[in-house]
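Right, one structure below, let's go through it.
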Amino acid sequence: MVAGADISPREAEVLELVGAHLSNAEIGARLCISVRTVESHVSSLLRKLEVPDRRALAQRAPEPAGAGPSHPAPVLPAPLTSFIGRESERAELTEMIKAYRQVTAVGPGGVGKTRLALAMAAEAADEYADGVWFVDLVPVTDPGMIATAVAGALGLGEQPGRDMTASAVAALADRHALLVLDNCEHVADGVALFLERLLVTCPRVTALATSRARLMVPFERVYPVPPLSLDVDAVALFMERAAAVGWPLDPPLRDQIASICERLDGMALAIELAAARYPTLGLDGITAALSHPLRMLTGGSRADERHRSVRAALDWSHALLEPADRALLRRVSVFVAPFTAAAAAEVAGSEEGLVADGLGRLAEQSLLVVTASPGGTEYRALETIRQYGTERLVEAGELVDARSRHLRWCLAKAAGLAVVRADWRTRFDLVADDLRAALAWAADRPEQRAEAYDLARHLAELTFTRHLTGESQRRYEQAAALATEPAASASMLRQAAAVAGCRTVGDDMYRLRRAAADAARSSGDSAGAAADLATAATIAFRFSTTFVRLPPREETFALISEAREPAGDDPAAQAAVALAEAAVLTDAFGAAQGPPGNAVPETIARAERAVELARRTGDPLAESAALDALTGAQSWAGDTSATAATARCRITLLSSLPISPAGTHELIDALGIVTEASLGAGDVSGARRWARQLADHPSLAEVGHRATCRLLMVDALMGNVDEVLTGSVRFLDAWRRAGSPARSLLRPAVAAVAMIHGLRDDQAARRDWQEVLDQLGTSKEHTYGYGAVFDVILLLHRGQAPKALERMAPEPRQVWKWVTWIWHHWYVALRTEAAVLAASPDARDRLAEARTIVADNPVANAMVERAQALLDNDQERLLSAADAFDTAGCHYQSARTMVLAGGDHAARGAAALADLGLAPMALPDKLMMTSE
């Protein structure tokens, strides 16, 4: 618990996870609450702890248990929290943001725009139900990264398949919030583009920007920030800052102070710099020192003069520094984020002890701001002072040297982050903005191209680990463009394609693999180019559902033809071509653009050849992809057990591989497939284990609907009602935040949740989930595959066996793929039971046929045994079936079987259903099982 703050236990949990640099979605998944609830807690914590943004909030979090030595809870420095006067300005600005959607507080550097915005926002916080969010844009050096900065402030991670702008806008779409964007001038174009999209899409969001110039966006209203009033506020600020350093001033000195403030044009920063000198110079000394430079400021507009007054104060303060401190101030100006004394020593090229002393002296003169952090004392310069220091670097001819040292420091930091430890996120977030800034500088300098390539590659790897997959893909593509050798470029493009796969952006996967083929060909690697071309063809079929625009079949045929000859006898290229042939020619993956029917023998033969060739390469990723094709082929052949075994082989191959884009993409796919294949084979406990691993995978934290969809399906079939109800909150919350995408992958989960609500006899909730299912769209798979299975389970629970039999009227072979994937055994077993309970004349024949089909599936076999027992009025056999369901982990089916057994067993079964949270069963009219 943080001392002095009225923080609830739940808020304390949220605060600790914010301190661990988790996103809101990750916190929600960890605490089993919605993202909206997390947002409310974070907004409340910002108010209670009186901090402006999420970074400051993270610094107030307690040290996690077992994380090493504790550190005192850091406190923001007085200049960031103390605010003097400006009552009329606060009132005027408050009225403007009530009246207009977007307001820009404009004024020269040092006039006090940031503090005014923070003070006004704090006062207005209660007016916004969803909070006030502050975004410092100083560290942002790329106009394209505005949305990333906003997302960081909001606690958003990146949702695969959407860029950060879309994620941020979607998160704010229905929110009533105030967004403060501070220091916009150096990325004004990026801010303008972001705000235009935000304001159109988010009707209840108000944006307050601070900038040295207006942003020129629709709806903008400009508020010119005036200097401090000389008679009251300016004097009060000087006196407060002087008192803060231990030198309180007597009221009789107000006239002399007012004269100094007038010379400084009421500019807040200039007044603070002057007040910091009071202990050493006194008022007379300050007056004398300021007189000479200020007399030289003539001409120009009043705004220009105010710029000059700050410059004069900076020049004067700078001139009073020792030469070593001047050099230190200008050299640390290359840091865009807070830095430590050790970092400053490396960049300044001096001993750490000397640098630490110098930083302390600069802080004493208000030229640097000091904060405590878990990693130690940090320093930063206000943006106006940082820009001044950069100008001094240029004047001294040291800019290239300082930035080069900064670049080397960034490269060393990036290399040190290669090993992921418990505090990895914190360490990365502390230096990420400097890594980006160093790369932005080096990328434009031909002589720094090698270092820029290394840093881009490192940053691509690091942002992937941080789950910033959109940036990771861009950095890999940037590294490819910076590479001096085509072979290195090809390697980076392949990595970029793999990241695009993790983002579920099939079009980019395809484009980047084709670009890699061109680069490989330029390097003389014809076999590598062949593998890339073949892989691009495979991607178009294997991941067809992730495309916006699918390549024509003829185009993929042409890629395979183009790849065959240069593949030669290279094992990797041959394996890639064989897999492409299985994918494209025989549609082993059941692609959207594939033919309506597979030639099963040919599909299996081509998939087996792809596996054989992939194994010769010794590459687990290549073998896993080929095994995926074989999984599809075996499922179309109706070999459920072989399908599950092949799917498990993929997990064995991938489980020990180090984290990489390609490995992560392959593993997520493999976990989804093994879950479904295991469920199809009746290994529901195994299916749940894989589904749980998938739901907890960090790469899916921001897409909880994708993360939980298989787990919901498995839990529903097992009868884990509480888990379904809890997981469905995360699913629905994430799905809506993602824009309610109509993904076929999600339909079985929604149908499963709807079934559970039906079993609970909660008709209102069932209707809500049916509406979600309607939004996702219907398909043959819904009609004859999972849809039939979930519908029939509910119909049988309600005692409506004839309707259940009608729902499953088609023979499995009539609907083929929609049933022969994972639902074949479930369909056959439930259809057989429905026939028995509906007194169908062919029930006994169906039982005989079903027993042969599901013999090695423990769950489906228990269903068939139950149906046989019901037909034969065999209570002992029913009880054996109940035990089999218990052993398999199917709690609902076990309880249902006990009810069907009648007598005391029925009472125990009914109690078990009630314990699960389900409504009582309705028994079929002709059920004869009544005796003990």
Strictly by modelled atom types, are [X] and [Y] linked by a side-chain donor-acceptor pair under 3.5 Å?
X: Gln473; Y: Arg503; value: yes
X: Thr586; Y: Glu602; value: no
X: Gln634; Y: Thr646; value: yes
X: Asp569; Y: Gln574; value: no
X: Glu676; Y: Tyr786; value: no

Subject >> Donor-acceptor contact present, side-chain Asp525 to main-chain Ala520, <3.5 Å >> reply: no
Original post:
Ignoring hydrogens and geometry, is there a side-chain-to-backbone donor-acceptor pair from Ser489 to Glu485 under 3.5 Å?
Top reply: no
**OP:** List for me each residue that meets ring pair (Phe, Tyr, Trp, His ring centres under 6.0 Å) alongside Phe547, sequence neighbours excluded, and say none if there are none.
**Re:** none
Original post:
What residues form a ring pair (Phe, Tyr, Trp, His ring centres under 6.0 Å) with Tyr827, not counting sequence neighbours?
Top reply: none
Subject >> Residues, nucleotides or ligands: over 12 heavy atoms within 6.0 Å of Arg851 CZ >> reply: yes
**OP:** Would you indicate whether Arg609, at its atom CZ, is surrounded by more than 12 heavy atoms from other residues, nucleotides or ligands within a distance under 6.0 Å?
**Re:** no
Charged N to carboxylate O below 4.0 Å: is that the case for [X] and [Y]?
X: Glu849; Y: Arg831; value: no
X: Arg650; Y: Glu666; value: yes
X: Glu623; Y: Arg616; value: no
X: Arg466; Y: Glu461; value: no

Original post:
Can you list the steps and then say if Leu559 with Tyr510 is a side-chain contact (heavy atoms from CB on, under 4.5 Å)?
Top reply: CA-CA 11 Å; Leu559 290 178; Tyr510 183 77; 3.4 Å; yes
Original post:
Is the distance between the ring centroids of Trp823 and Phe790 less than 6.0 Å?
Top reply: yes
Subject >> Within the 6.0 Å centroid threshold, strictly below: Phe428 and Trp424 >> reply: yes
Subject >> Name of the residue among Arg494, Arg514, Arg521 meeting salt bridge (Lys or Arg N to Asp or Glu O under 4.0 Å) with Asp532 >> reply: Arg494
**OP:** From the options Leu550, Leu585, Thr556, select the one residue that forms a side-chain contact (heavy atoms from CB on, under 4.5 Å) with Phe541.
**Re:** Thr556
**OP:** Take Ser23 and Glu702, measure what side-chain hydrogen bond (donor to acceptor under 3.5 Å, both in side chains) needs, and give me the verdict at the end.
**Re:** CA-CA 8 Å; Ser23 70; Glu702 300 298 329; 2.3 Å; yes
**OP:** Decide yes or no for Arg474 and Thr463: does some side-chain heavy atom of the first lie under 4.5 Å from some side-chain heavy atom of the second?
**Re:** no
Subject >> Gap between atom CD of Glu471 and atom CD of Gln478 - 0.5 Å precision >> reply: 9.0 Å
